[in-house]
Amino acid sequence: MSATIAESRRESDDIEQRVETLLEQMTLVEKIGQMSQLNASDGHAPDYLGDALRAGKVGSVLNVADVEIINELQRIAVEESRLGIPLIVGRDVIHGFRTIMPIPLGQAASFNPDIVRDGARVAALEAATAGINWTFAPMIDISRDARWGRIAESLGEDPYLTGVLGAAMVQGFQGDDLTAAGTIAACAKHFAGYGASEAGRDYSVTNIPENELRNVYLEPFKAAVDVGVTTFMTSFSDLDGVPATGNEFLLRQVLRDEWGFDGFVVSDWDSVRQLQVHGLTENDRESAHMAVTAGVDMEMAGDAYVSHLESLVEDGRVSVDTIDTRVANILRIKFKLGLFENPYTDPSRLPPLASDEALETARKAALQSVVMLKNDGDVLPLSKDRVSSLAVIGPLADAPYEQLGTWIFDGEPELSVTPLAAIRDQLGDKVSIRFVRAMETSRSKVSPAFDEAVDAARESDVAVLFLGEESILSGEAHSRADIDLPGDQAELVRRVKATGTTVVAVILAGRPLTLSNIVDHVDAILFAWHPGTMGGPAIADLLSGVESPSGKLPATFPRMVGQVPIYYNHKNTGKPPIPETTVLIDDIPVGARQTSVGNTAYHLDAGYKPLFPFGYGLSYAKYRYDNIRVSADEIGLGDTITISADLSNDGEVAADEVVQLYIRDPVANVTRPVRELKGFQRVRVEPGQTVTVDFKVHTDDLAFYGRDAQLITEPGEFHVWIGGSSETELRTGFRIAE
Ligand code: BGC
């Protein structure tokens with residue numbers, strides 16, 4: 001046994017010993033207290049939580065971010081309760097604390113685990129200054145529905161990408177040493193299937209068959225367990241008739257028995273009591289019984305556990321063993337975090353908020369998250385010789401709060417550098433800049449201000465329109481049934497375009513939008529998500545060509561909302577679309593016979609392709625992919641194959657490209673997706689340079705859950721693609737021998 005393995009085994013034996021010793025001293029009431037997390041957001045929490053803390057009836061608080069209040073709550077718990085057990089203090093630190101990174105969906109567009117890890121590191125260091133030692137992130141719900149407001153918080157539609165980036169986020173929050181100042185516990189949420197909310201309506205039911213659940217929705221959660229995530233949160237949703245908070249299959253069979261998770265599980269906000277609202281229990285007592293039996297260790301913000309667990313134990317309906325197991329899970333993490341040794345926070349031991357370094361991390365994240373969707377005639381970057389006047393137009397050009405996105409409890413709009421400010425700063429001395437907001441909000445209707453915008457555009461070389469959605473239009477409980485640009489933004493685009501001036505759209509939004517009604521009326525599109533505190537400088541760098549866009553779409557952009565859910569890794573079906581027989585509605589002759597348009601899986605009015613596919617994103621460089629090859633035509637089970645391709649930059653600028661590897665298992669014991677992302681690398685390519693990109697794939701990487709819910713890799717043929725998006729055609733293949 002190596003020294004480090006021996007050491008960590010000793011440490012964990014030690015912790016188990018301490019957990020056991022402490023449990024032996026605890027009364028039932030104190031144990032149940034550890035299982036209760038209370039809201040501390042109303043005023044001075046020590047005043048109204050003090051007595052409960054002294055009585056050992058609170059294990060955790062959430063929604064407080066004031067270091068003095070938190071230190072005082074800890075002091076009461078540690079010094080005035082019988083056993084002195086410190087609190088674990090939770091907060092939604094989702095994409096930054098004071099320095100706000102792009103929304104997670106934007107970070108996912110970077111396809112860069114380092115960007116995600118560094119952003120989470122900054123967030124942890126900042127949150128820790130307030131006494132927070134636990135964040136409710138990462139949110140790793142697979143999101144295939146852009147109507148769902150919470151897609152903003154997700155890492156997109158792909159299980160592999162979400163797994164890699166979610167694991168990086170966990171590592172960023174939790175660091176290498178959980179006891180170090182500035183590391184905080186992470187929380188893999190929402191377990192599981194929440195992203196499949198029916199019709200993209202938040203909190204709606206999710207119907208996911210077990211095979212799909214295991215092959216798609218659970219994969220990122222397993223990846224989080226593999227890197228040592230300390231906590232899990234249940235989902236609000238109803239999974240095949242059993243809401244997640246009462247779901248023994250998820251919380252015990254999968255999480256504990258199959259994956260061996262030894263951290264703790266918190267419910268979502270009041271979701272224990274909601275088991276009754278779902279129609280599963282008659283009252284809070286039964287809800288507490290169901291949740292604790294299913295495996296929920298801590299109840300967030302409800303009182304079902306504190307009110308009923310004691311009598312459930314007394315009545316023999318819940319065993320002391322069950323309670324002990326739940327409490328041990330919580331205490332184990334408190335010990336691992338070093339809270340017993342260091343319950344208090346001294347902010348002076350941590351870096352200041354919004355330090356230059358933090359802001360630089362945010363700028364870099366924003367830069368790599370922006371996806372260029374269109375650039376006709378290479379109108380971007382705005383060349384200094386061609387552009388001497390710029391009209392900056394739109395409701396989101398100078399909206400410090402809106403560029404931050406959802407879940408920014410502790411962010412400060414005053415810190416935001418807006419695109420307008422950054423453009424003025426970068427280009428103001430060379431280019432004349434005229435700003436017309438044109439719309440009060442993204443939802444505004446046509447007004448006389450449109451004329452002013454049109455005048456400004458007419459008198460300028462280029463019009464840059466900052467469009468999209470405000471923060472409030474995405475996030476929890478903020479789903480939309482129509483995902484076009486809201487208000488009369490499309491009309492603004494049409495009128496500006498009619499001037500003949502070159503039009504660049506920069507879109508700030510919390511989700512993929514349907515852009516069909518503007519895409520032909522603009523020359524270029526930069527999709528910037530909600531880019532965070534430093535969104536402005538990042539966008540200005542891209543517009544001016546200081547940097548090249550390098551983001552890739554982490555979620556498919558539909559042509560129209562009726563195509564949703566639309567995602568690249570779909571199944572083939574028995575009647576896949578055939579381009580030649582895909583006749584769209586306007587081309588169908590009057591009186592056409594029933595079968596004249598073929599019988600395949602497409603929409604008469606939308607076809608079957610998205611507007612922009614997963615993995616797509618343009619660059620100022622000119623990339624060429626060639627020479628895809630495999631290290632062997634056939635490998636055995638347990639072997640690793642190398643799959644390579646050459647990437648050349650025929651353009652004039654150096655830039656990053658995200659090279660993607662897709663694989664298909666065309667014959668299997670359950671149907672498999674037409675393509676699955678199995679690897680990606682962000683590489684820098686200089687003009688004129690050709691680089692070889694190698695991907696190593698082990699046969700375990702090709703495993704999937706088959707009919708009997710077992711993970712297997714099946715011998716046979718595999719198709720392989722490498723390229724710059726999920727629609728790449730550069731293909732080869734190999735076999736796994738019987
Ligand atoms: C959300 C969680 C969040 C919790 C605490 C809930 O409404 O679903 O994601 O962590 O509130 O704020």
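Just so you know, ligand 1 is whichever comes first in the structure, and atom 1 is the first atom listed for that ligand.
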Inset, instruction - Give yes or no for whether the N/O distance cutoff of 3.5 Å, strictly under, is met between Asn63 and ligand 1. - result: no

Legend entry - Within reach of ligand 1, part of Arg91 (heavy-atom separation under 4.0 Å): neither

Legend entry - Closest protein heavy atom to atom 11 (O) of ligand 1, given as residue, atom name and distance to 0.1 Å: Asp268 OD1, 3.6 Å

Legend entry - ligand 1 contacted by Glu153 (non-hydrogen, < 4.0 Å): no

Inset, instruction - For Lys189, take its heavy atoms, then give the atoms of ligand 1 lying under 4.0 Å from any of them. - result: 2 (C), 3 (C), 9 (O), 10 (O)

Inset, instruction - Please determine, by modelled atom types, if Gln253 and Glu248 share a side-chain donor-acceptor pair under 3.5 angstrom. - result: no

Inset, instruction - Report yes or no: is the cationic atom of Arg214 (NZ for Lys, CZ for Arg) under 6.0 Å from the centre of the six-membered ring of Tyr705, at an angle within 45° of the ring normal? - result: yes

Legend entry - Distance-only N or O hit between ligand 1 and Tyr194, under 3.5 Å: no

Inset, instruction - Would you mind listing which atoms of ligand 1 come within a distance below 4.0 Å of any non-hydrogen atom of Glu476? - result: 1 (C), 6 (C), 7 (O), 8 (O)

Legend entry - is_close_aromatic(Tyr567, Phe614), centroid dist under 6.0 Å: no

Inset, instruction - Please state whether Met139 comes within less than 4.0 angstrom of ligand 1, counting heavy atoms only. - result: no

Legend entry - Heavy-atom check, side chain of Thr179 versus side chain of Leu337, under 4.5 Å: no

Inset, instruction - Number the atoms of ligand 1 from 1 as they appear, then name those within less than 4.0 Å of a heavy atom of Phe136, with their elements. - result: 10 (O)

Inset, instruction - Would you kindly say whether Trp134 and Thr231 are connected by a side-chain donor-acceptor distance under 3.5 Å? - result: yes

Inset, instruction - Check the side chains of Asn39 and Ser41 for a donor-acceptor pair under 3.5 angstrom, ignoring hydrogens and angles. - result: yes

Inset, instruction - Using a strict cut-off of less than 4.0 Å between a Lys/Arg side-chain nitrogen and an Asp/Glu carboxylate oxygen, indicate whether Arg75 and Glu72 qualify as a salt bridge. - result: yes

Legend entry - Centroid-centroid distance, Trp259 to Phe221, less than 6.0 Å: no

Inset, instruction - Let me see the working for Gln174 and Thr230 under side-chain hydrogen bond (donor to acceptor under 3.5 Å, both in side chains), right down to the final yes or no. - result: CA-CA 9 Å; Gln174 296 194 168; Thr230 42; 2.7 Å; yes

Legend entry - For Arg150, atoms of ligand 1 separated by under 4.0 Å from a heavy atom: 1 (C), 2 (C), 8 (O), 9 (O)

Inset, instruction - Identify the protein heavy atom lying closest to atom 12 (O) of ligand 1, giving its residue, its atom name and the separation to 0.1 Å. - result: Asp92 OD2, 2.4 Å

Inset, instruction - Would you mind running through ligand 1 and noting each atom that sits below 4.0 Å from a heavy atom of His190? - result: 2 (C), 8 (O), 9 (O)

Legend entry - Atoms in ligand 1 flagged as close to Met300, the criterion being non-hydrogen separation under 4.0 Å: 4 (C), 5 (C)

